[in-house]
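The block underneath contains the structure these notes are about, expressed in structure tokens.
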Amino acid sequence: MSQPNTPTETVSIQHSARQVAIEVITNILLQQGSLSTQLARHQTSVASEHIPLLKELCFGVCRQYPKLNSIALHLLAHPFEEKDTDLYATLLLGLYQLRYMNTPDHAAVNESVEACRLLKKDWATKLMNAVLRRYQREADEIIESLESTPSVEYNQPKWLLKRFNKHWPEQFEGIVDASNTHPPMCIRVNESRVSRETYQSQLQELGIKSTAGEFSPSALYLKNAVRVGELPNFEEGFASVQDEAAQLSAHILAPKAGEKLLDACAAPGGKTGHLLEQAHPLDLTAVELEPWRMEKIESNIARLGYQANLICADAGDITSWWNGEPFDKILLDVPCSATGVIRRNPDIKINRKPADINELVEIQRDILQNVWKTLKPSGYMLYATCSLMPEENEQQIRHFLAQQDDANEVPLNSLAPELTLEWGMEVSHGRQLFPMVEAHDGFYYCLLQKTA
């Protein structure tokens with residue numbers, strides 16, 4: 001990509017949303033980071049008014065990747081070499097515009113051809129033009145020939161479809177449907193500042209329609225997404241954007257004033273903030289491995305007007321951060337496959353692989369066993385993931401309980417008897433929530449108590 005010619009020129013002048021989208025998608029295809037990290041890194045290269053287009057292109061290509069990839073491979077006589085992954089990203093973006101956006105066909109084709117020149121790969125201009133023109137002519141026939149392929153029919157990677165069907169045959173269709181939709185905007189009302197009913201009325205006065213969440217007493221779903229700046233008293237901490245399933249964690253742990261809490265693997269800090277909203281004062285420690293993610297936690301907590309002990313460290317390496325004082329309660333939201341939140345992280349369709357599950361299980365096991373040591377006798381740990389894989393969830397807990405003679409599973413409403421447990425599905429250990437259209441994400445929870 002071109003660079004600014006002089007120090008006084010801004011990057012946004014030099015880079016269009018499409019150019020930056022090519023770079024983001026290329027990096028994702030090359031397994032060089034997630035969509036969220038790539039966008040955070042590169043969206044500053046685009047004028048602010050073009051960021052929505054950048055996100056539409058990047059999220060759209062990732063969300064439709066199984067279909068777009070099948071179409072692209074059908075059109076190409078030979079796949080692009082790895083050194084030309086940027087050209088493949090360009091092709092995917094062109095196909096996305098032709099199939100899913102209102103971009104005029106000639107503009108989508110011409111922009112893709114011009115992108116080849118900007119990438120200094122003029123040799124590919126004729127190929128790009130020919131491939132996209134062919135798709136224009138034969139789109140219906142191409143789609144018809146591919147639609148019987150499971151990855152095209154369901155718009156999910158083949159391996160993931162097999163896992164969903166194996167583990168959740170009765171929920172399979174619902175999981176796939178929800179995973180392919182745009183997620184609803186759900187907010188968490190800070191009940192320490194304002195009641196949900198009052199805040200909903202304030203939204204209504206601004207013409208923002210909402211419905212109350214069924215399971216979290218702090219959840220409101222907005223009929224139409226809005227900028228956070230449009231939410232009443234957002235900067236004063238009256239509300240936060242957080243999925244309803246994720247909100248359940250603080251309600252399950254039900255912290256009490258004076259308790260010592262740990263939020264391990266805490267980024268981006270939504271659950272940290274919610275715990276702090278539940279009781280005052282709290283002695284809360286939040287541990288996060290990545291410095292840039294720690295900054296998000298700090299920012300979120302500051303907006304809410306709270307303080308916590310923030311530690312940048314590997315939660316599983318307790319010798320690097322724990323001072324030996326045990327915690328009353330622990331929220332352990334471990335790194336996971338995020339298969340319950342694909343609609344929010346559609347790059348999972350590109351860069352998640354079957355082998356990742358086994359690797360994550362080992363990481364989770366290590367963190368769980370080590371962090372457990374920091375819990376005081378009679379204390380509680382809430383194990384959580386946003387995964388739909390039993391290996392990461394109920395099977396992980398089964399293994400832990402078999403190895404740990406001082407751990408017992410207890411009902412999820414043990415600390416909050418008023419909390420309804422009508423959400424999700426009871427499994428061998430804990431409860432599994434599945435992603436729902438216009439409702440909560442996929443999540444897993446299991447509450448453990450230390451016996452000695």
Side-chain angles (χ1 to χ4, degrees), residues 185-206 208 210-222 226-264 266-288 294 296-310 327-333 379-382 384 412-420 423 440 443 445 447:
M185 184 173 182
C186 183
I187 62 173
R188 181 188 80 238
V189 177
N190 185 347
E191 296 174 286
S192 70
R193 306 277 180 84
V194 62
S195 70
R196 179 168 67 172
E197 292 71 24
T198 298
Y199 198 80
Q200 188 173 23
S201 297
Q202 293 175 0
L203 291 173
Q204 184 67 35
E205 289 174 4
L206 295 173
I208 302 174
S210 65
T211 56
E214 186 177 356
F215 307 118
S216 167
S218 52
L220 286 174
Y221 288 95
L222 304 191
V226 300
R227 298 190 305 275
V228 293
E230 298 178 48
L231 298 173
N233 299 304
F234 178 80
E235 290 301 328
E236 290 72 37
F238 279 54
S240 300
V241 178
Q242 187 182 37
D243 178 70
E244 183 179 18
Q247 293 182 34
L248 291 171
S249 57
H251 294 301
I252 293 170
L253 275 177
K256 301 293 187 293
E259 288 183 330
K260 185 177 179 64
L261 268 67
L262 170 66
D263 184 0
K271 300 182 189 68
T272 313
H274 196 190
L275 289 168
L276 291 166
E277 291 172 5
Q278 295 295 295
H280 310 285
L282 278 183
D283 180 2
L284 190 148
T285 296
V287 179
E288 172 55 43
M294 180 59 76
K296 284 195 170 186
I297 301 175
E298 188 173 9
S299 174
N300 282 329
I301 292 176
R303 182 180 62 82
L304 293 170
Y306 300 119
Q307 292 183 334
N309 179 29
L310 306 182
F327 296 96
D328 296 296
K329 296 172 182 175
I330 296 174
L331 171 58
L332 184 60
D333 188 354
Y380 293 87
M381 173 185 282
L382 180 60
L412 283 165
N413 61 352
S414 294
L415 298 169
E418 73 282 359
L419 184 66
T420 175
W423 41 267
H440 59 70
F443 234 83
Y445 287 114
L447 186 61

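Residues: numbered from 1 along the sequence shown.
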Inter-residue atom distance [X].[atom1] - [Y].[atom2], 0.5 Å rounding:
X      : Y      : atom1 : atom2 : value
Tyr445 : Ile252 : OH    : CD1   : 5.5 Å
Glu197 : Leu220 : CD    : CG    : 8.5 Å
Leu310 : Asp263 : CG    : CG    : 10.0 Å
Thr285 : Ile330 : OG1   : CD1   : 10.0 Å
Leu382 : Leu412 : CG    : CG    : 7.0 Å
Met381 : Leu253 : CE    : CG    : 10.0 Å

Nearest atoms (heavy-atom pairs only) where [X] meets [Y]:
X      : Y      : result
Ala254 : Ala416 : CB-CB, 4.2 Å
Ser216 : Gln247 : OG-OE1, 2.8 Å
Leu304 : Gly237 : CD2-O, 3.6 Å
Ala267 : Ile297 : N-CD1, 3.5 Å
Pro255 : Gln278 : CG-CB, 3.5 Å
His251 : Ser218 : NE2-OG, 3.1 Å

I need the single residue from Arg193, Arg188, Lys271 that forms a salt bridge (Lys or Arg N to Asp or Glu O under 4.0 Å) with Glu277. Which is it?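 Single pass found, and it is Arg188.
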
Check ion pair Glu259-Lys256 (N to O, under 4.0 angstrom): no

Under the 3.5 angstrom rule, does the side chain of [X] hit a backbone N or O of [Y] as a donor-acceptor pair?
X      : Y      : value
Glu244 : Glu214 : yes
Asp328 : Lys260 : yes
Arg196 : Pro217 : yes

[Y] side chain reached by [X] side chain, heavy atoms, under 4.5 Å:
X      : Y      : value
Lys329 : Leu415 : yes
Leu222 : Leu231 : yes
Ile187 : Phe234 : no
Phe238 : Thr198 : no
Leu275 : Leu284 : yes
Asn233 : Asn190 : no
Leu206 : Glu230 : no
Tyr199 : Glu191 : no

Looking only at the side chains, is there a donor atom on one of His274 and Ser240 sitting less than 3.5 Å from an acceptor on the other? no

State yes or no: are the ring centers of Tyr306 and His280 separated by less than 6.0 Å? yes

Please evaluate residues Val228 and Val241 with respect to the criterion side chain to side chain contact (heavy atoms under 4.5 Å, CB included), reporting the C-alpha separation (whole Å), side-chain torsions for both, the decisive distance (0.1 Å), and the verdict. CA-CA 8 Å; Val228 293; Val241 178; 3.7 Å; yes

